[in-house]
Structure formats: structure tokens, C-alpha cells
2 protein chains.
Amino acid sequence: MTVFDELMEMNNAYVEEFASQGLSHLPARALSVLTCMDARLHPEAALGIRLGDAHVIRNAGGRASDDAIRSLVVSQRMLGTREILLLHHTDCGMSSFTNVELAAKIETDLGVDVGEYDFLPFTDPAEGLRQDVETLVFSPLVAGGTLIIGAMYDVTTGTVSEVLRRTA
Amino acid sequence: MTVFDELMEMNNAYVEEFASQGLSHLPARALSVLTCMDARLHPEAALGIRLGDAHVIRNAGGRASDDAIRSLVVSQRMLGTREILLLHHTDCGMSSFTNVELAAKIETDLGVDVGEYDFLPFTDPAEGLRQDVETLVFSPLVAGGTLIIGAMYDVTTGTVSEVLRRTA
């Protein structure tokens, strides 16, 4: 049995209790959350986000990558969101390696030379959060007037703490 | 009061009940889920994924973008995941516009000419899912032997249905 087969059993129970028919495809709270893929963070649960409330965009590190900005553009222009929460977290794996180290591991494990690939690690988590907020603030693709809040999630306590807020 | 301020109140309640200290940063079920940012989909709830179980990567459309593959490489090489669930959903906003239409809207709304930017929309959801599974299967950065399952989530019922499975 694969992990997926186990998840399908859980989904059967979810469907039995499902009572959220008829939600709009426009997020009810006009919010986008950009955060990390980390397994110890369930953003909807940690923030009380209900089904239909908010877009949730996740990648390694919760970085303001070009693809995250692609998603935010779709979210804002096509689906009406107006506020962005950028949520990083403590003990992030993205500060445990350098591009050179991961490239070397890929060459060893997979036999692939990725060259100068930027995996978007960061050395200082606080600085990484600030940089990503600034990237969003100054992106011409993020609507002027968008409130952007940078916050940290503590994986040992579940606590979300605001670090900075800016307006695009 | 911003939406974020409301979420912080919800987070206080979450912290009171938090009892998941000491989780490993390595996902317990060695699973990565790649899915859409859609507000009507809460992947952890729909699939019974517990805190610490799985990486969750989300973008507009749940596309196998370069940035999603960056995240999957970190997930597999640095954090030990071995199975990938690619989960698209019904009524996806990514099939409601073309690149030309969104570029025109950005020019009108934001005064920015994005040129030939590919926002990764799809015309046929079933074909989009199949394409993204194939992209992962043939990516040299996804480990050989990885099980990749393509599935659809029905936003009106909460049901997850397997569509195809391949091995990288």
C-alpha cells in the first residue's frame, strides 16, 4: 500500500463530513498566503483559515520566487485578492545548505550537473524574510496599495509572530 | 483591523491547543504534495495529512513549474521524500484565461507590459494534469524510481480521485 492509498482512505472520511458546497472561486477574505512547504506547518490550521478563505502558495523556503509572483498575479488580477501574508518559519531547511553543496549532492545522487542553479537557500532567516517582503513590495506585478505582512511561524510552539509590514 | 489581525487571534487559539513539539524536519510519510493555491482546497484536511507528515508545494494551477521542481529537489535530496502526489482540482481558474488575456489585463490594471510571459494556464484540465505528471516523470532532477500519482480534487464534494500513476 502506498502512502497515497492511505490518504485515499482518509479522503473517504473527509467526503462524508464535507459540507462546503457552493464556495466561490474568489477567496472570501481576499488574502494570499505565501509560505514554505515545510511539513511541520499547516497554514490553514495555524491561522484559522476556513475553506474558501484564502489562496495558499507554498514552495521551498516560502521564497518570493518568479513562480510565486506568477501565482500572486493570478491571485490578484483574476481572483481579487488584496492582502499578502508572507510566512516563514523557524528551523527552515533552506538555511542548512548552500547552492554549491546541493549541486554537488545532485551530481552524486542523480548524475546531473545543474551548473549555477539557484535553489534560493538563505543564510539568515530574518534577512531572508525581509528580502522576500521587499521583493514583493517592489515587484511591478504586485498591485500598488497591497498590504504585505512578513511573519514567522515557530515550529515548536505553533506561534505566528509579525515581523514587518509594508505597502506595495 | 486587517485580515491578518483576525488570523493572529485564531493563531492564539491554535497555540493553546498545540501539542506537536519535537517533530522531525524530515516528513514522516516521505511524501510531497504538489497542488493548486485554490482557496477551496485544504490539502492536509482533505487527505488526512498530519502535522509533520508531508511537504506541500502550491502554486497557481498546481503546475510542475521550474520552481515546483526546485522545491521537489530540496524535498527529495535534502529531506528524504520519495513519493509525489500531483493534485489538480475541478473548476480551476487556470483554465479561465489565456496568456494574452492576462497580459492585457496587467497592462490595463498595472500599466506593465509583461511581453510573452507564460502564466501556465491550461485549456484542458485533464490534459494539464497529464502533462505535469509527464514533466515530473521525465525531469532529470526527480529521482529515478519516484512514484508520481496524478489525481483530481472535486471542489463541490471534497473527493480526491486518482487519474494516473507513473514511475520516474
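Order of the sequence lines fixes the chain letters, A, B, ..., with proteins taken first and strands second; residue numbering starts at 1 for each chain.
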Donor-acceptor contact present, side-chain N11(B) to main-chain A46(A), <3.5 Å
yes
Looking only at V15(B), V56(B), L110(B), the option with the highest number of non-hydrogen pairs under 4.5 Å against chain A is V56(B)
Among the clusters formed by ILVMFWY side chains lying less than 4.5 Å apart, do I69(B) and V114(A) turn up in the same one?
yes
Under 4.5 Å to a heavy atom of chain B? For I49(A) that would be both
Checking L47(A) against M10(B) for the side chain to side chain contact (heavy atoms under 4.5 Å, CB included) test, could you report, in this order, the C-alpha distance in whole Å, the side-chain angles of both residues, the deciding distance, and whether it holds?
CA-CA 6 Å; L47(A) 294 163; M10(B) 299 300 292; 5.8 Å; no
Residues 121-141 of chain A: residues contacting chain B (heavy atom under 4.5 Å, by number):
P140(A), L141(A)
Could you look at S75(A) and say if it's the side chain, the backbone, both or neither that has a heavy atom under 4.5 Å from chain B?
both
Decide, yes or no, whether a salt bridge links R58(B) with E44(A) under the criterion of side-chain N to carboxylate O below 4.0 Å.
yes
Counting heavy atoms not belonging to E16(B), are there more than 12 under 6.0 Å from its CD?
no
Which bit of R50(A) is near chain B, if near means a heavy-atom gap under 4.5 Å: side chain, backbone, both or neither?
backbone
Relative to chain B, which segment of I57(A) carries a heavy atom at a distance below 4.5 Å: side chain, backbone, both, or neither?
both
Checking heavy-atom separations under 4.5 Å from chain B, one finds in residues 97-105 of chain A F97(A), L102(A), K105(A)
N59(A) versus chain B, heavy atoms under 4.5 Å apart: side chain, backbone, both or neither?
both
Do I84(B) and F119(A) belong to the same hydrophobic cluster, where Ile, Leu, Val, Met, Phe, Trp and Tyr are linked whenever their side-chain heavy atoms lie under 4.5 Å apart, directly or via other members?
yes
Pick from G48(B), S161(B), S71(B): which one has the most heavy-atom pairs with chain A under 4.5 Å?
S71(B)
What residue in V3(B), T35(B), L41(B) has the most heavy-atom pairs under 4.5 Å with chain A?
V3(B)
Counting only pairs under 3.5 Å, give me each side-chain donor-acceptor contact of residues 149-159 of chain A, with atom names and distances, residues two or more places apart or in other chains.
unit_1  : atom_1 : unit_2  : atom_2 : d
D154(A) : OD1    : T156(A) : N      : 2.8
D154(A) : OD1    : T156(A) : OG1    : 2.6
D154(A) : OD1    : T157(A) : N      : 3.4
T157(A) : OG1    : T159(A) : N      : 3.2
T157(A) : OG1    : T159(A) : OG1    : 2.8

Using the rule that two of Ile, Leu, Val, Met, Phe, Trp, Tyr join whenever any of their side-chain heavy atoms come within less than 4.5 Å, decide whether L85(B) and L34(B) are in one cluster.
no
Checking an interface table here. Which of residues 24-32 of chain A come within a heavy-atom distance under 4.5 Å of chain B?
S24(A), H25(A), P27(A), R29(A), L31(A)
Please look at A143(A) and chain B and tell me whether the side chain, the backbone, both or neither of the residue comes under 4.5 angstrom of a heavy atom of that chain.
both
Determine the option with the most heavy-atom pairs under 4.5 angstrom with chain A, choosing from E17(B), H42(B), H55(B).
H42(B)
Decide yes or no on side chain to side chain contact (heavy atoms under 4.5 Å, CB included) for R40(B) and S20(A), but give the supporting numbers first.
CA-CA 8 Å; R40(B) 296 162 296 174; S20(A) 300; over 6 Å; no
Output the distance between atom CG (D66(A)) and atom CG (D67(B)), rounded to the nearest 0.5 Å.
8.0 Å
To the closest 0.5 Å, what do you measure between CG (L23(A)) and CG (D38(B))?
9.5 Å
Would you indicate whether Q21(A), at its atom CD, is surrounded by more than 12 heavy atoms from other residues, nucleotides or ligands within a distance under 6.0 Å?
yes
Taking side chain as C-beta onward, heavy atoms only, is V73(B) less than 4.5 Å from I106(A)?
yes
Look at the side chain of E83(B) and the backbone N and O of F4(A), then say whether any donor-acceptor pair between them is shorter than 3.5 Å.
yes
Chain A contacts, top residue of D91(B), L51(B), V112(B), V74(B) (heavy-atom pairs, under 4.5 Å)
L51(B)
About how many Å separate CD of E162(A) and OG1 of T2(B), when rounded to the nearest 0.5 Å?
7.5 Å
Is the shortest side-chain heavy-atom distance between D118(B) and R70(A) below 4.5 Å?
no
